[in-house]
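Reckoned from all heavy atoms, side chains included, excluding hydrogens, waters and symmetry mates.
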Amino acid sequence: MDLVIIILFCIGAAFVQRVSGFGFGIFIMTVLPFLLPSYGEATTLSGALAAVMSLIVLVKIWKFVPWRRLWPILITFLITSAFAVNFVSLVQDSVLRRILGMVFIALSIYFFFFSERITIKPTVTMQVTMGFLSGVLGGLFAMQGPPAVLYFIASERDKNNYMAITQAYFAIGNIFMTIVRAQNGFLTPTVQRCWFYAVATLFIGIWLGRLVFDKVSAPILRKIVYVYMAISGILALVL
């Protein structure tokens, strides 16, 4: 039964990311910490699946990646996330799940009420700042998207460049974090088995996301996800 739930949420996470450009980790991490034996294994499965998801999308649009604008934020992210992943192995799972719940609530409030009011300038300083925040969120919670997306929205005016740079960032970042998590003992046989059964279903989510990309408003979809995040955060705190 747990495997069926993981597969269904994998499809949903792929759908969300294909429509909005991010959100895979945010969506699937609402359930993985409760289904996997440990919190570290949950973040590993999320990251390993997200890496494949981004690579699938990136294959068709890689030529649109503006690499010069990607390297500063990506390098900062890789360094920070390595420290954050190592920190996960030192903290109890129950504590991390509580923190995850608070992060869900904070992110949902931010995105729902304030994200459209905040604008940032695509400077090197801002890249390093967003890369650091993204590394912390990615390493601890497998949710590196929000800070990075804020920068990418500001720096990329063309939607093809935006989608390409986000997917390149997530693909490289998640592959790197999966390697670091494996070194910390989180890439267990359970994670590998769940990944094996769930990875093929990514294509279903991507296909569904492509079908509704032009029909469903991305802002509306995001608001639905944010409400779901808030509810999940509350449940993570009380359960």
Side-chain angles (χ1 to χ4, degrees), residues 12-28 47 49-78 80-81 107 110-135 137-138 142-177 202-226:
F15 170 81
V16 169
Q17 179 143 330
R18 181 61 184 84
V19 174
S20 62
F22 75 106
F24 187 96
I26 290 175
F27 189 85
I28 202 168
L49 288 170
V52 178
M53 159 74 201
S54 295
L55 284 173
I56 293 171
V57 177
L58 184 62
V59 165
K60 293 185 178 180
I61 58 175
W62 66 270
K63 61 182 179 181
F64 293 106
V65 179
W67 293 103
R68 289 186 179 181
R69 294 193 292 274
L70 174 61
W71 291 122
I73 186 173
L74 178 61
I75 293 173
T76 305
F77 165 80
L78 295 178
T80 308
S81 64
L107 287 177
Y110 162 73
F111 276 118
F112 208 95
F113 296 105
F114 303 109
S115 61
E116 295 181 359
R117 304 179 187 179
I118 297 177
T119 58
I120 64 173
K121 295 180 179 180
T123 62
V124 174
T125 300
M126 187 58 67
Q127 280 185 295
V128 172
T129 301
M130 292 298 147
F132 174 81
L133 294 175
S134 181
L137 288 176
M143 297 187 300
Q144 63 267 38
V149 167
L150 278 177
Y151 165 73
F152 294 138
I153 288 176
S155 65
E156 308 307 320
R157 301 302 179 185
D158 181 82
K159 68 177 183 180
N160 289 318
N161 290 141
Y162 165 76
M163 185 61 70
I165 196 172
T166 55
Q167 300 316 301
Y169 179 83
F170 294 142
I172 296 172
N174 279 308
I175 290 172
F176 173 79
M177 286 193 296
L202 290 170
F203 291 95
I204 300 175
I206 294 172
W207 175 69
L208 292 173
R210 188 182 299 122
L211 287 179
V212 303
F213 184 75
D214 296 323
K215 298 179 181 179
V216 176
S217 169
I220 292 178
L221 175 65
R222 289 171 185 167
K223 290 187 185 302
I224 294 173
V225 173
Y226 303 152

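- Nearest heavy-atom pair across P72 and T76 is O-OG1, 2.9 Å.
- A pairwise comparison of heavy atoms in Q17 and S54 identifies NE2-OG, 3.4 Å as the closest pair.
- To the nearest 0.5 Å, atoms CE (M126) and OG (S155) are separated by 11.5 Å.
- Side-chain atoms of F24 and L202, non-hydrogen and from C-beta on, do get closer than 4.5 Å to each other.
- Of the candidates L58, I61, D158, I61 is the only one forming a side-chain contact (heavy atoms from CB on, under 4.5 Å) with M163.
- Residues A51 and N174 approach most closely at CB-CB, 3.6 Å, considering heavy atoms.
- The closest side-chain donor-acceptor pair between Q144 and S134, if any, does not fall under 3.5 angstrom.
- V16 has its side chain out of reach of I26: every pair of non-hydrogen atoms, C-beta onward, lies at least 4.5 Å apart.
- When all heavy atoms of L74 and G173 are compared, the closest pair comes out as CD1-N, 4.5 Å.
- In this structure, CZ in F15 is found 11.0 Å from CE in M53, a value given to the nearest 0.5 Å.
- Rounding to the nearest 0.5 Å gives a distance of 11.5 Å between CG of N161 and CG of L70.
- Within a 6.0 Å radius of CZ in F203, no more than 12 heavy atoms belonging to other residues, nucleotides or ligands are found.
- Of the inter-residue distances, the one linking F152 atom CZ with Q167 atom CD reads 10.0 Å to the nearest 0.5 angstrom.
- Nearest heavy atoms, P147 versus M130: O-SD, 3.4 Å.
- Here the side chains of V57 and R18 are in contact, with some heavy-atom distance below 4.5 Å.
- Between the CD1 atom in I73 and the CD1 atom in I75 there is a gap of 11.5 Å [rounded to 0.5 Å].
- Between L133 atom CG and Y151 atom OH the span is 14.5 Å, to the nearest 0.5 Å.
- Checked against the 6.0 Å centroid threshold, Y169 and F77 count as a close aromatic pair.
- The closest side-chain heavy-atom distance from R69 to P122 is not below 4.5 Å.
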